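Here's the structure, in structure tokens; my notes come after.
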Amino acid sequence: MNNTKNNIIEMGSIYKRFYIGTPNELEVLHGISFDVPDGQFVSVVGASGSGKSTLMNIIGALDRPTEGSYSLDGADIAALSDKELSVIRNKKIGFVFQTFNLIARTSALKNVELPMLYAGVPSKERARRAKELLELVEMSDRSSHMPNELSGGQKQRVAIARSMANQPSIILADEPTGALDSKTGRLVMDIFHKLHKEQGKTIVLITHNPELAEETERIITLSDGDIISDKMTV
């Protein structure tokens, strides 16, 4: 790990329990600790039920840990109100989901503009940046198309452009190629590599696919709520 870089993610002894105080109380994460330096491309891998989704929700500030500390780009997530967390999600984290999560009756351009709208960016600046981002993912010629007029790979490219809208500290990609065929998935991974290499983006890729994980700089492997391996690949 490059210690000259600041850690953008710092997780210390993260526990997550559900149904607390009931007979079926369930502990899904058992004291997870790891840091991610600024600009690293890291994958979190594990089988279904390993705790990947629970961990992703905590990294993405969509859920809070039961115990432990989590700092994202210097912000103590545990200490923030729900309103402050929504600002963090909007400005610091770019989400890319397996199911794209695009707004159906809205053009590709307007979908990319949406996070900027919530962040109060003026309309002219929103449109300019959205066009720039669609160009980056090679979707300029589809900017006026609705999601139902786009293929799966095109939808995911729009979703990646949207994830970059507010220049987030990290991109959090949850099985981003899971709904795509291998050729289209390759195109999507190439875009992540481009964002990482050319823009120095910190990317956390959640995947069950070990081949995709091998493309990243570091692989954190989860099993039954514990980290069983944390290795650099380069």
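Just so it is clear, the values below take in all heavy atoms, side chains as well, and ignore hydrogens, waters and symmetry mates. As the structure is a prediction and not an experimental result, all values here were calculated from the model.
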Mind checking what makes side-chain hydrogen bond (donor to acceptor under 3.5 Å, both in side chains) contact with Asp224, not counting sequence neighbours?
none
With sequence neighbours left out, the residues meeting salt bridge (Lys or Arg N to Asp or Glu O under 4.0 Å) with Arg128 are Glu125, Glu132
Per the side-chain hydrogen bond (donor to acceptor under 3.5 Å, both in side chains) rule, what does the pair list look like for residues 194-203, sequence neighbours excluded?
Asp38-Thr202, His196-Glu217
Using a 4.5 Å cut-off between side-chain heavy atoms of Ile, Leu, Val, Met, Phe, Trp and Tyr, which other residues end up in the same hydrophobic cluster as Leu117?
Ile103, Leu114, Tyr118
Contacts of Asp141 that satisfy salt bridge (Lys or Arg N to Asp or Glu O under 4.0 Å) - sequence neighbours left out:
none
Residue set satisfying salt bridge (Lys or Arg N to Asp or Glu O under 4.0 Å) with Glu67, at least two apart, ordered chain then number -> Arg17
Between Glu214 and Lys231, does at least one N-O distance fall below 4.0 Å, as a salt bridge requires?
yes
Can you name the ring pair (Phe, Tyr, Trp, His ring centres under 6.0 Å) partners of Phe100, sequence neighbours left out?
none
side-chain hydrogen bond (donor to acceptor under 3.5 Å, both in side chains) partners for Glu84, two or more places apart
Ser81
Pairs under 3.5 angstrom only: tabulate donor-acceptor contacts from the side chains of residues 47-55 to other protein residues two or more places apart or in another chain.
from	atom 1	to	atom 2	distance (Å)
Ser50	OG	Ala47	O	2.8
Lys52	NZ	Gly46	O	2.7

Could I get the full list of salt bridge (Lys or Arg N to Asp or Glu O under 4.0 Å) partners for Lys183, not counting sequence neighbours?
none
Kindly compute the distance separating CG (Asp73) from NZ (Lys91), expressed to the nearest 0.5 Å.
13.0 Å
Going by the rule side-chain hydrogen bond (donor to acceptor under 3.5 Å, both in side chains), which residues pair with Asn166 if we only count those two or more places apart in sequence or in a different chain?
Asn90
Would you please name every residue forming a side-chain hydrogen bond (donor to acceptor under 3.5 Å, both in side chains) with Glu215, sequence neighbours left out?
Arg186, His193
For Glu211, does the CD atom have more than 12 heavy-atom neighbours from other residues, nucleotides or ligands under 6.0 Å away?
no
